[in-house]
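See structure below.
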Amino acid sequence: MLSFIAKPFVWAHHSPRVQRIFAILDVIIASINKNIAVVGLVVGVLVTAINVFCRYLTGLFPDFFHFSLTWAEEVARYCFLWSALFGAAYGFRKGVHISVTMLLEQFPPKLAKACVIGIHTLNSLFLAFMCYAGVKVCYENYLLGYMSEALHDVPLWIFLLCLPFAFFGATYRSIEKIYEVSWTSADKVVKNAESEMIHDSVIKD
């Protein structure tokens, strides 16, 4: 069941060259997702805090201090958006997204494995579609010439690049899960999923 999906991934598991490619991609994509998520969150918090402090001083000393970052709200909003999307993509690698394995535990091992592969396949298709939709959103904003509300010289599509890039990373991670499940023994699939979720929820890197 669903073996036609699993076969190419089983072959890849036994190919040293493909293994090296996966290892390199894993490091690159994980670093990009994690660093953008962290930097986006830090910059968003700092910009918001600085703007709040400036407005506070303006309220305390209205005769001496008149300063506010007019672009802070929009920049912080997009920073949090980038952080959330790339953080979610990184979450696929760590296996920290919410999942319920109670029903799968009741299935025979082969059926449970087929269900897990099917779930990841549907998930990959959805994420790939969202990546495509993100590309279309960026392209349409580019064609229409929309600019940032606060940073008038910056095209809006630049801020929206997080959509295709983050969903592309998430798609790769979801396909990677199909790869991992495909060569895993059927009686270990559900146990491995539970162990990964517990381990990566506790162990940080």
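Worth knowing before you read on, the calculation uses all heavy atoms, side chains too, and leaves out hydrogens, waters and symmetry mates. Keep in mind the model is a prediction, meaning the values are calculated, not measured. Numbers here simply count residues along the sequence, with the first being 1.
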Heavy-atom closest contact (L85 atom, A166 atom, distance): CB-CB, 3.6 Å
Do L163 and Y146 land in one hydrophobic cluster if side-chain heavy atoms of ILVMFWY residues count as linked below 4.5 Å? yes
Does a side-chain heavy-atom distance below 4.5 Å link C162 with L81? yes
Please determine whether the number of non-hydrogen atoms from other residues, nucleotides or ligands lying under 6.0 Å from atom CZ of F168 exceeds 12. no
Do you reckon I158 sits in the same ILVMFWY cluster as Y139, going by side-chain contacts under 4.5 Å, direct or chained? yes
Which atom of R173 lies closest to which atom of D26, heavy atoms considered: NH1-OD1, 2.7 Å
Here the pair of heavy atoms bringing A37 nearest to S83 is O-OG, 2.7 Å
Beyond-backbone contact of F53 with L57, side-chain heavy atoms, under 4.5 angstrom: yes
Atom CD of E74 and atom CZ of F159: how far apart are they, to the nearest 0.5 Å? 5.5 Å
Under 4.5 Å between side-chain heavy atoms, hopping through other hydrophobics if needed: is there a path connecting V39 to W71? yes
V75 vs C79 side-chain heavy atoms within contact, under 4.5 Å: yes
side-chain contact (heavy atoms from CB on, under 4.5 Å) evaluation trace for F165 with F86: CA-CA 8 Å; F165 286 140; F86 279 91; 3.7 Å; yes
Okay, side chain of N51, backbone of V47: is any donor-acceptor separation there less than 3.5 Å? no
Mind checking the CD1-CD1 spacing from I117 to I178? Nearest 0.5 Å is all I need. 8.0 Å
SG/C138 to CG/L160 distance, rounded to the nearest 0.5 angstrom? 5.0 Å
Indicate if I32 and V27 have the same hydrophobic cluster label, given that clusters are the connected sets of ILVMFWY residues with side-chain heavy-atom separations under 4.5 angstrom. no
Which atoms form the tightest heavy-atom contact between G44 and F80, and what is the distance? C-CZ, 3.6 Å
For I29 and G169, work out which heavy atoms get closest and say how close. CG2-CA, 4.4 Å
Please round to the nearest 0.5 Å and tell me the distance separating atom CG of L144 and atom CH2 of W157. 14.0 Å
Ring centers of Y78, W82 separated by less than 6.0 Å: no
Measure the spacing between CG of D153 and CE of M147 and express it to the nearest 0.5 Å. 6.0 Å
Between S148 and V154, is there a donor-acceptor pair closer than 3.5 Å when you use the side chain of the first and the backbone of the second? no
For N123 and S174 the tightest heavy-atom approach is ND2-OG, 3.4 Å
Measuring from I36:CD1 to L41:CG, what's the distance to the nearest 0.5 Å? 13.5 Å
Joint hydrophobic cluster, I50 plus V43, side-chain heavy atoms closer than 4.5 Å: yes
